[in-house]
Amino acid sequence: MVRVAPSPTGDPHVGTAYMALFNYALAQTTGGRFILRIEDTDRTRYQEDSERQITEALTWLGLSYHEGPDVGGPNGPYRQSERTDIYRENTQTLIDNGTAYRCFCTPERLAELRRAQRARKEPPGYDGLCRGLLPEEVEAKLAENTPFVIRLKVPKDRAVVFHDELRGDVEIEGKTIDDQVLLKSDGFPTYHLANVVDDHLMEVTDVIRAEEWITSTPKHVLLYEAFGWEKPRFRHMPLLRNKDKSKISKRKNPTSLIWYKENGYLPEALLNFLALMGYSSPDGEEMFDLASMLRDFDVKRISTSSPVFDMDKLLWLNGEYIRADSEANLTQRVLDHLAYRRERGLEPDAAEADVLAWIDANGGLDGDAARDFVGRTMPLVQERIKTLQEYAPLTRCFFASDVSGYAQEEMVPKKRNAGEVEDLLRGIVGALEKLESWDTASIEALLRSLCEEYSWKPRELFQPVRVAVTGSKISPPLFETMELLGRETTLARLGAAVEV
RNA sequence: GCCCCCAUCGUCCAGCCUGGUCCAGGACAUCAGCCUUUCAAGCUGAAGACACGGGUUCAAAUCCCGUUGGGGGUACCA
């Protein structure tokens with residue numbers, strides 16, 4: 001039994017997907033179950049929409065869970081905010097057996113304490129003032145309704161050792177472990193308490209989480225001991241990093257899974273990329289989908305050094321997946337992507353607006369006309385785009401009614417002048433008008449013959465044609481583009497170019 | 001500061017556990033060439049790393065110790 005336990009505090013995070021992937025892989029390859037648990041115990045950081053976005057993002061990635069807030073299961077509820085009674089009851093057992101205590105210290109006193117400790121260059125931490133409270137004193141405070149928290153009574157005279165399956169034994173001295181708050185004064189548990197209680201109750205046997213939790217694992221171990229519960233196996237994954245090696249953050253990297261979807265990344269590419277971070281397949285293959293990862297998945301192959309999140313490599317992988325896809329499927333993906341962006345209310349750029357305008361005028365995103373036409377452009381651009389988002393800029397010339405926004409000099413090759421280009425274009429228009437069959441091969445044959453006739457090199461001659469027809473020096477293959485546009489549009493654009 | 005984790009090309013990984021086959025292999029990025037109607041894609045090639053110092057050993061990228069560096073933690077956040 002494994003779980004992923006994100007907190008709904010903002011956009012679904014790439015780190016959540018990373019953790020989910022490895023938990024999912026372990027569950028799938030060991031016949032275990034995978035739980036999604038929402039850790040929403042921090043009411044100040046809670047964000048309404050976040051949980052739905054998390055579930056949607058995991059679904060998008062294909063990381064389905066057996067149990068979770070939206071799918072139910074035998075170990076619910078799966079939102080910690082709905083389990084507060086459970087935490088309260090369990091905390092009471094700790095108080096009863098003497099492994100936890102009520103602390104009535106005010107936040108002000110704690111802040112003052114920390115300041116003093118800092119001034120004395122001592123490690124900050126609770127001084128244990130309320131540890132020694134007599135039962136009557138506690139009763140008195142309680143009677144006065146003094147707010148309190150419940151703290152773990154950490155044994156300061158011994159070390160806590162736990163075994164990390166990936167890293168070996170980790171030993172931390174009790175005196176360096178703070179008397180952790182377990183239950184806040186608002187009645188909500190802290191992460192540490194809720195996490196341990198839930199993992200136990202939900203029968204989680206394997207905890208795979210990020211490295212940042214290593215130092216607090218002793219607290220969790222102490223809790224398992226205090227409750228008399230069996231510990232799960234711990235595995236701490238390396239932390240995803242920014243280029244400067246700091247923990248990945250949204251200021252230095254896109255961390256929102258929504259961002260990747262909005263920008264045309266394929267879920268299988270993102271997942272594959274995440275898998276490559278700290279993991280390698282036994283056969284050394286770098287491109288593998290989830291199914292093939294599962295075929296030979298081995299937790300022992302997870303490495304412990306933290307990888308830098310390299311967008312360049314992700315982009316390359318995304319391109320690989322795009323090229324490996326079928327034309328029909330990719331066509332549908334482009335359409336779905338445009339629909340998704342519209343649904344999200346994202347402002348289209350000029351190219352995207354042109355594409356959408358054409359599609360709207362021709363039956364809409366789910367119409368046959370759009371699918372047919374986008375499908376016909378696909379062979380021209382499939383190997384030229386690295387994200388779905390790059391489709392529109394590259395194919396704008398097929399959808400736009402007017403492409404004449406280019407600068408005049410773009411049509412003029414080096415060592416040629418505007419007059420020469422104009423003469424050439426007139427000649428080309430004349431020849432194309434008389435061309436019998438309007439297809440790629442015929443157009444190419446004709447233009448190449450004109451190269452000889454005018455003594456222009458192919459690359460020279462094709463440049464003004466390309467700019468006139470597509471509006472840019474960079475375009476899909478020219479002759480195919482002209483065929484797809486049709487004689488009428490092509491000639492109109494060439495004619496317009498001659499005019500000016 | 002204190003505690004903990006980590007350490008192979010710019011980046012991601014392989015090799016390390018079970019020392020010799022490693023003057024270290026692959027991928028991304030970079031550069032060059034080829035292909036070529038632009039841009040891509042593709043192909044070929046180049047450059048590029050065992051952090052440092054000790055120790056163990058006939059032999060160390062691999063084992064041990066230390067140093068240095070990087071990161072994380074040190075909240076009534078998760």
Side-chain angles (χ1 to χ4, degrees), chain A residues 5-9 39-42 44-45 103 105-107 110-111 114 117-118 120-126 147-151 164 167 170-173 175-178 180-192 194-195 209-218 236 238-239 241 243-247 273 276-282 284-287 300-301 303-317 319-320 323 381-386 390 394 444 447-448 451 457-463 465-467 470 472-479 481:
Chain A
S7 9
T9 54
E39 309 225 321
D40 55 348
T41 57
D42 185 348
T44 59
R45 294 203 305 157
C103 168
C105 295
T106 61
L110 296 176
R114 264 192 293 271
Q117 285 166 332
R118 172 162 292 206
R120 274 177 277 132
K121 296 197 170 172
E122 287 171 13
Y126 184 59
F148 66 90
V149 300
I150 292 175
R151 287 182 184 274
D164 183 300
R167 300 164 192 260
V170 177
E171 180 177 332
I172 298 183
E173 286 298 328
K175 59 177 176 290
T176 68
I177 306 171
D178 203 7
Q180 180 63 46
V181 171
L182 302 176
L183 208 63
K184 309 179 216 176
S185 53
D186 64 2
F188 276 76
T190 58
Y191 168 86
H192 309 281
N195 195 263
R209 71 208 330 180
E211 186 184 356
E212 56 190 332
W213 295 110
I214 290 179
T215 16
S216 41
T217 303
H236 290 95
L239 237 31
R241 314 257 190 126
K243 262 197 161 54
D244 65 6
K245 309 275 178 133
S246 55
K247 180 163 80 166
F273 175 69
L276 253 21
M277 303 273 88
Y279 181 75
S280 58
S281 75
E285 196 52 59
E286 293 210 296
M287 193 173 163
K300 288 274 188 291
R301 296 192 63 85
S303 72
T304 47
S305 59
S306 300
V308 170
F309 195 88
D310 180 7
M311 289 294 289
D312 282 341
K313 189 148 188 176
L314 205 212
L315 193 60
W316 165 77
L317 247 189
E320 289 285 309
R323 271 170 261 134
V381 300
Q382 179 163 12
E383 66 181 30
R384 294 180 162 75
I385 57 176
K386 287 195 164 75
E390 290 173 0
L394 193 57
E444 175 165 10
L447 290 182
R448 285 193 189 281
C451 288
K457 288 178 193 158
R459 61 189 310 134
E460 287 182 317
L461 183 135
F462 298 149
Q463 182 180 334
V465 179
R466 181 185 309 281
V467 172
T470 70
S472 169
K473 283 163 84 170
I474 298 170
S475 81
L478 186 57
F479 320 121
T481 300

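Below, each value reflects all heavy atoms present in this structure, side chains not excepted, and no hydrogens, waters or symmetry copies. Just so we're on the same page: letters track the sequence lines, and every chain starts at 1.
- Across all strands, A:Met287 comes closer than 4.0 Å to no nucleic acid atom at all (heavy-atom distances).
- Using atom P as the reference point in both B:G19 and B:U62, the two lie 12 Å apart (nearest Å).
- Nucleic acid contact for A:Thr41: sugar-phosphate only, since backbone atoms but no base atoms lie under 4.0 Å from a heavy atom of the residue.
- Across all strands shown, A:Arg459 has heavy atoms under 4.0 Å from sugar-phosphate atoms exclusively, and none from any base.
- Annotation: ring-ring contact (aromatic ring centres under 6.0 Å, His included) contacts of A:His236 (sequence neighbours excluded): none.
- Within the nucleic acid shown, A:Lys386 comes within 4.0 Å of sugar-phosphate atoms alone, with no base atom in reach, counting heavy atoms only.
- A heavy-atom distance below 4.5 Å is found between the side chains of A:Pro458 and A:Arg448.
- Across the C1' atoms, B:C39 and B:C23 are found 41 Å apart, a figure rounded to whole Å.
- Distance alone, capped at 3.5 Å, is enough to place a donor-acceptor pair between the A:Thr176 side chain and the A:Glu173 backbone.
- Among the protein residues, A:Glu211 comes within range of the nucleic acid bases, having at least one heavy atom under 4.0 Å from a base atom.
- One N or O on the side chain of A:Asp42 and one on the backbone of A:Thr44 form a donor-acceptor pair closer than 3.5 Å.
- As judged by a 4.0 angstrom heavy-atom cut-off over every strand, A:Glu285 is placed among residues making no nucleic acid contact.
- Looking at heavy-atom distances under 4.0 Å, A:Pro147 makes no contact with the nucleic acid at all.
- Rounded to whole Å, the P atom of B:C65 lies 22 Å from the corresponding atom of B:G70.
- In this structure, the side chains of A:Val170 and A:Thr217 stay at 4.5 Å or more apart for every pair of heavy atoms.
- Of the possible polar contacts, none joining the A:Glu39 side chain to the A:Asn195 backbone as a donor-acceptor pair under 3.5 Å is found.
- Within the 4.0 angstrom heavy-atom criterion, no nucleotide atom of any strand lies near A:Cys451.
- The backbone N or O of A:Arg45 lies less than 3.5 Å from no partner atom in the side chain of A:Thr9, so there is not a single donor-acceptor pair.
- Annotation: side chain of A:Gln180 is not in contact with side chain of A:Pro218 (no heavy-atom distance under 4.5 Å).
- Residue A:Pro307 is classed as a sugar-phosphate contact, given heavy-atom separations below 4.0 Å to backbone atoms only.
- Residue A:Leu478 is in base contact, counting any heavy-atom pair closer than 4.0 Å across all strands shown.
- As judged by a 4.0 angstrom heavy-atom cut-off over every strand, A:Ser475 is placed among the base-contacting residues.
- When the C1' atom is used for both B:A49 and B:U11, the distance is 12 Å, rounded to whole Å.
- Separating the C1' atom of B:C22 from that of B:C50 is a span of 10 Å, rounded to the nearest Å.
- Rounded to whole Å, the C1' atom of B:U18 lies 14 Å from the corresponding atom of B:A60.
- Using a 4.0 Å heavy-atom distance criterion, A:Phe273 is classed as making no nucleic acid contact.
- Taking the C1' atoms as reference points, B:G42 lies 50 Å from B:C58, given to the whole Å.
- Using cut-offs of 30° and 60° for the angle between ring planes, the A:Phe273 and A:Phe309 rings count as perpendicular.
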Could you summarise the pairing of RNA chain B as dot-bracket text, marking Watson-Crick and G-U pairs under 3.5 Å with ( ) or [ ] inside the strand and | across strands? (((((((..((((......[....)))).(((((.......)))))....(((((..]....))))))))))))....

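- Using a 4.0 Å heavy-atom distance criterion, A:Val308 is classed as a sugar-phosphate-only contact.
- Bracketed by its first and final contacts, the part of RNA chain B lying under 4.0 Å from non-hydrogen atoms of chain A reaches from B:G1 to B:A78 in 5' to 3' order.
- Take the nearest nucleotide of RNA chain B for A:Lys184 and for A:Pro124: the residue whose nucleotide is more 5' is A:Pro124.
- Annotation: side chain of A:Tyr126 is in contact with side chain of A:Leu110 (closest heavy-atom distance under 4.5 Å).
- For the P atoms, the distance linking B:A29 with B:U44 amounts to 15 Å, nearest Å.
- Residue A:Gly125 is classed as having no contact, given no heavy-atom separation below 4.0 Å to the nucleic acid.
- In this structure, A:Thr304 and A:Thr106 both approach RNA chain B, and ranking their closest nucleotides by distance from the 5' end singles out A:Thr304.
- Side-chain atoms of A:Arg167 and A:Thr304 form no donor-acceptor pair, as typed in the model, at a separation below 3.5 Å.
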